[in-house]
Amino acid sequence: MDVIIFADRKGQELLPLTDQTCVPLLPLAGKLIIEHTLEDLVDAGFRQAHIILSPFAEQVKQALGNGKRWGMTLSYSTSRGEGSALAELRRLKQQPKTPFLVMRGDVVRSRSLKDFLLQAETADIPVVPALFNGANAYLLVCRNVLEPLLHCLDWTVASPTFAASHAIDINGCVARLDSLAAFHQANLDAAAGRIAGLLIPGRQAAVGLTLGRNTTANPQNLTQGIALIGSNCHLHPTVALSGEVVIGDNVIIGSQASLESTVVLPHSYIGELVDLRNAIVRGNDLIRIDTLAILKISDTVLLDDLKNTGVLNKDLEATINRLAGVLLLLLSLPLWLLALVLALSQNRGKMYSVQILRGNKRLMDDLGVLQRTAFKAGEWQVKPPVLRYLPRILAVISGDLRLVGSLPVSLAAAEKRRDQWEKLADQAPAGLLGPTQLNLPIAASDEEKLLSDCVYAANYSGKANALCLLQSLQALMTRKAWVG
Amino acid sequence: MILQHRSHNDIDVVQLSGRFAMADCGEINLSIQDLINQGHGKLLIDMEKVTFIDSSGCAVLVAAYKSLQLKAGRLVLVTSPSVQSLIELTRLHTIFEIFPNQDAALEAM
């Protein structure tokens with residue numbers, strides 16, 4: 001039987017957790033949300049599935065690959081997200097053979113797929129939706145691709161309408177994960193075994209305490225309740241966990257910290273004496289479930305994002321870039337004189353102009369959010385690009401620009417980038433040289449420049465930057481560089 | 001790059017084939033913008049026979065999308081695997097309506 005998994009939620013209701021990833025890739029009790037669906041499918045004997053993705057599709061493909069890890073074959077397609085299931089199925093290149101199983105992979109349900117399929121076999125109706133204790137389980141067997149009842153899979157349909165007699169109601173539970181509170185509760189429920197049948201990773205170190213591999217924690221850390229701790233975590237012996245606590249992979253918790261009914265997402269640091277209750281922690285984001293306050297903690301002694309602490313590498317990279325800037329400045333000194341003479345002869349009135357552009361340095365704003373800062377970028381008012389942009393070498397030396405990067409833009413232009421695809425370009429640092437600067441004419445449209453930077457950001461790597469540097473050297477030998 | 005245009009009811013169907021890269025983009029952009037200005041606000045761009053697309057080609061699609069949005073129109077794409085790859089790489093699949101073939105796209109419009 002063919003299997004179609006919808007994992008195309010836009011995830012607005014789970015912001016800020018979904019600002020850098022999508023719902024299927026959020027962690028739930030030590031695994032990605034979509035992994036629980038895949039494991040359920042494998043348990044029911046399925047070995048292939050087609051997944052419909054939307055935001056951060058490339059991350060899902062990278063995380064799940066071809067499905068070999070689960071003994072499955074996975075294929076993918078993309079959509080605009082949260083569309084009608086019926087329309088999305090019609091859009092598939094290869095239509096599923098009827099009957100087929102269709103389900104959402106961005107919700108979590110107890111392991112009841114086998115039971116449902118057994119009962120669905122005998123039901124003589126075109127579409128058999130599943131209810132788990134009366135709630136829509138976003139799971140159905142379909143005998144007709146064009147069946148309108150497929151709307152019970154649509155994320156935007158609050159309460160689908162179908163007669164209970166036309167559905168199979170079985171014992172189980174569904175976590176819709178439709179709010180931060182629901183996400184928090186689902187994690188606690190999964191850790192406590194209230195979502196039956198989920199495979200929770202780790203070994204039982206003491207009653208109620210499950211630890212992932214390479215994790216340092218003591219049974220006395222758990223004062224009361226249940227704690228599920230992921231891999232590669234370090235808890236100081238004086239940390240106190242109570243109630244139900246879920247801690248993701250690669251988390252460090254300092255001495256005398258106290259956590260109660262809290263979910264900690266991977267790569268987070270919790271400092272000494274920090275007291276957390278009914279909260280979700282993601283890096284330096286603190287989300288209070290009781291008040292729904294979302295706080296950005298700027299004091300890294302309290303909370304920190306361990307993904308941002310590759311300080312040595314980042315500092316080294318920045319230093320190398322700045323040194324390269326100094327070298328370039330020394331090599332280009334004779335050109336500065338040439339630029340001055342040309343500017344004097346061509347534009348005596350305005351030889352030099354200054355633009356305010358967004359650089360790579362980051363500072364915390366009033367809300368504690370790291371924002372890229374502006375810098376003054378000078379330009380000689382001459383035609384040859386090589387001479388025109390010479391003053392930007394100074395921005396490389398100051399660290400505002402990288403030697404190779406995306407095209408620097410004004411703060412106003414950067415603020416206009418609202419769609420997910422537009423923000424992709426912001427993932428690459430701004431640079432003096434880059435594919436957009438080298439390949440596109442100055443008069444190219446904004447869309448063209450933005451898309452060129454999106455492609456650069458999507459393929460960002462040291463190798464790509466090295467190739468770009470080589471291309472820059474070649475470009476120096478061209479007439480275009482010296483004539484404009 | 002070859003551009004063919006036909007009308008199907010009130011839908012403008014543009015069929016592109018070959019390489020959709022920077023060198024041809026200016027001309028194609030002008031043709032598509034003309035069609036949008038004169039058309040009924042429904043545009044289908046069929047790129048099933050496009051063998052290569054670059055960021056400039058995608059920029060033409062984004063420009064068409066924005067122009068149609070201003071007219072409250074609708075843009076639907078049919079993609080080849082190489083076009084689909086770049087669209088997904090640049091996350092444009094989150095704004096474009098994409099169909100596997102022209103028949104399915106026309107039916108949906």
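Throughout, a chain's letter reflects where its sequence line sits, starting with A, and its residues are numbered from 1.
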Practice task
Sort B:Ile95 into side chain, backbone, both or neither according to what part of it lies under 4.5 angstrom from a heavy atom of chain A.
Solution key: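 When you check distances to chain A, atoms from both the backbone and side chain of B:Ile95 fall under 4.5 Å.
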Problem - Proximal component of B:Leu86, with respect to chain A [non-hydrogen, under 4.5 Å] - result: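 For B:Leu86, the contact with chain A is made by the side chain alone.
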Practice task
Quick one: do A:Leu424 and B:Leu89 satisfy side-chain contact (heavy atoms from CB on, under 4.5 Å)? Show the steps, please.
Solution key: CA-CA 10 Å; A:Leu424 175 62; B:Leu89 187 75; over 6 Å; no
Exercise for the section: Sort A:Leu450 into side chain, backbone, both or neither according to what part of it lies under 4.5 angstrom from a heavy atom of chain B. Expected result: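 When you check distances to chain B, no heavy atom of A:Leu450 falls under 4.5 Å.
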Between chain B and chain A, which N and O donor-acceptor pairs fall under 3.5 Å? A table would be great.
unit_1, atom_1, unit_2, atom_2, d
B:Ser56, OG, A:Glu448, OE2, 2.8
B:Lys66, NZ, A:Glu447, OE2, 3.3
B:Gln84, NE2, A:Thr78, OG1, 3.2
B:Glu88, OE1, A:Lys61, NZ, 2.4
B:Glu88, OE2, A:Thr78, OG1, 2.9
B:Arg91, NE, A:Glu58, OE2, 3.2
B:Arg91, NH2, A:Glu58, OE2, 2.6
B:His93, NE2, A:Ser54, O, 2.7
B:Glu97, OE1, A:Arg80, NH2, 3.4
B:Glu97, OE2, A:Arg91, NH2, 3.4

Exercise for the section: Among B:Cys25, B:Cys58, B:Ala104, single out the residue with the greatest number of heavy-atom pairs under 4.5 Å to chain A. Expected result: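 Sorted descending by pairs with chain A, the first entry is B:Cys58.
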Exercise for the section: For atom NE2 of B:His5, decide whether the heavy atoms of other residues, nucleotides or ligands shown that lie under 6.0 angstrom number more than 12. Expected result: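 Yes, because the 6.0 Å sphere around NE2 of B:His5 holds more than 12 heavy atoms from other groups.
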